[in-house]
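What follows is a short report on a single structure.
These numbers come from a predicted model, not from an experiment. Letters A, B, ... are given to chains in the order of the sequence lines, protein chains preceding strands, and every chain is numbered from 1.
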There are 2 protein chains.
Amino acid sequence: MLGKTTEYAIRALVYIYIQNIKGERPGFKEIAKMIDSPEQFTGKVLQNLTRANIVSSMKGRGGGFFFNEPANPITLFKVIEAIEGKEYFLKCGFGLKRCDTNNPCPLHDDYAPVRDSFFKMVNEKTIQSLAYKINKHEATLNRL
Amino acid sequence: MLGKTTEYAIRALVYIYIQNIKGERPGFKEIAKMIDSPEQFTGKVLQNLTRANIVSSMKGRGGGFFFNEPANPITLFKVIEAIEGKEYFLKCGFGLKRCDTNNPCPLHDDYAPVRDSFFKMVNEKTIQSLAYKINKHEATLNRL
DNA sequence: TTATAAAAAGATACGTAAGTCTTTTTATAT
DNA sequence: ATATAAAAAGACTTACGTATCTTTTTATAA
Ligand code: FES
Ligand code: FES
């Protein structure tokens with residue numbers, strides 16, 4: 001459903017958060033290794049997330065990526081929005097120009113609930129909550 | 001969620017079915033006009049659907065597209081599978097190589113139900129059922 | 001049997017997502 | 001100050017989804 005870029009972004013942010021808890025600020029090479037993503041491209045994705053103020057970075061020796069306010073949770077939607085665009089959860093599943101409940105396509109009544117439950121989910125889940133699951137060993141960050 | 005190609009395919013098939021009921025076999029130019037899609041590309045998409053035995057076609061004067069067994073319903077999944085590939089509803093929402101309930105990613109418990117409800121939906125909905133809604137004027141085929 | 005109308009086929013182009021390579025900037029440690 | 005280590009930036013590729021144009025094949029009507 002989501003693009004690879006968005007998947008890398010979410011996995012990278014989760015890893016950064018986990019490391020931050022331990023007092024570390026990982027660099028993109030380490031991140032890429034740990035989440036199993038292409039190194040340079042991960043750097044580009046993180047550059048974009050930094051510009052979007054979703055994560056912070058420090059250049060130079062000892063630099064890396066970190067969250068300025070780790071307590072302030074970041075929803076997955078915020079990440080999806082930054083990468084896939086604002087319209088992602090508003091589109092018609094049948095491909096019409098707009099989704100319109102008052103003049104629906106023949107898929108609307110069945111598609112809209114699915115789309116909206118996905119939207120709800122990504123608004124509830126946060127980078128922090130995913131990281132927490134991994135730290136509790138209830139889930140895995142990668143599959144190497 | 002679905003690619004444009006798949007959306008064109010579904011809309012085209014619905015239109016073909018509606019016209020078939022009226023005893024017509026539309027050509028791709030007429031279809032493209034009615035579903036608001038690029039003409040030649042729609043021809044290519046229908047060519048693929050014909051090869052996949054989802055719809056039939058006749059060349060030559062009086063030719064066009066039609067369903068061989070209009071009573072045999074075609075699920076949306078069958079169309080999605082033909083265009084997006086068999087793996088579409090099996091992928092991990094977090095981007096891991098495989099989705100595995102027994103070794104889940106941190107999104108699995110929340111993502112899998114959404115993905116599976118989408119899967120269920122496209123297995124229940126058929127070209128025929130969508131066409132029926134349009135014929136009852138409960139839904140629209142396009143937004144011109 | 002010839003003209004016509006239609007899909008099929010093949011070649012090509014465009015646009016965006018995904019990915020790589022090289023250089024520049026910046027912070028830190030020595 | 002200088003060397004070093006890190007992200008940022010820019011140019012470039014590659015892959016794929018989307019789209020167009022032209023030619024070929026095939027069925028029908030006249
Ligand atoms: S109008 Fe198509 S999904 Fe709402
Ligand atoms: S393991 Fe990620 S969705 Fe199932």
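Take the nearest nucleotide of DNA chain C for G63(B) and for R51(B): the residue whose nucleotide is more 5' is G63(B).
For dA30(D), neither phosphate oxygen OP1 nor OP2 lies less than 4.0 angstrom from any side-chain nitrogen or oxygen of R61(B).
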Give every donor-acceptor pair under 3.5 Å between a side-chain atom in residues 97-105 of chain B and any protein atom, sequence neighbours left out.
residue: K97(B); atom: NZ; partner: D36(A); partner atom: OD2; Å: 2.7
residue: D100(B); atom: OD1; partner: N102(B); partner atom: N; Å: 2.9
residue: T101(B); atom: OG1; partner: H108(B); partner atom: NE2; Å: 3.4

Would you be so kind as to tabulate the donor-acceptor pairs closer than 3.5 Å made by side chains of residues 19-26 of chain A, with sequence neighbours excluded?
residue: Q19(A); atom: OE1; partner: K22(A); partner atom: NZ; Å: 3.3
residue: N20(A); atom: OD1; partner: F67(A); partner atom: N; Å: 2.9
residue: N20(A); atom: ND2; partner: I16(A); partner atom: O; Å: 3.2
residue: N20(A); atom: ND2; partner: E24(A); partner atom: O; Å: 2.8
residue: R25(A); atom: NH2; partner: G62(A); partner atom: O; Å: 2.7

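Contacts of R25(B) with the nucleic acid, taken as non-hydrogen atoms under 4.0 Å apart, are absent.
Residues of residues 33-49 of chain A having a heavy atom closer than 4.0 Å to DNA chain C, listed by number: P38(A), Q40(A), F41(A), K44(A). Less than 4.0 Å separates DNA chain C from at least one heavy atom of each of the following residues of residues 1-21 of chain A: G3(A), K4(A), T5(A), Y8(A).
Counting non-hydrogen atoms of neighbouring residues, nucleotides and ligands closer than 6.0 angstrom, the NZ atom of K136(B) exceeds 12 such neighbours. Heavy atoms of other residues, nucleotides or ligands lying less than 6.0 angstrom from OH of Y132(B) number 12 at most.
In this structure, F77(B) and F89(B) have tilted ring planes: the angle between them lies in the 30° to 60° band.
Contact between V79(A) and A9(A) at its shortest, heavy atoms only, is CG1-CB, 3.9 Å.
First and last contacting nucleotides of DNA chain C toward chain A (any atom under 4.0 angstrom from a heavy atom, 5' to 3' order): dA18(C) to dA29(C).
Counting only N and O atoms by type, the side chains of T42(B) and S37(B) include a donor and acceptor under 3.5 Å apart. In summary, the side chains of T75(A) and N123(A) do not present any donor paired with an acceptor at a separation below 3.5 Å, with no hydrogens or angles considered.
Listed by chain and number, the residues in a side-chain contact (heavy atoms from CB on, under 4.5 Å) with K125(A) are L76(A), M121(A), S129(A), L130(A), L107(B), D110(B) (sequence neighbours excluded).
Taking the six-membered ring where the residue is Trp, the centroids of F65(A) and F28(A) are separated by 6.0 Å or more.
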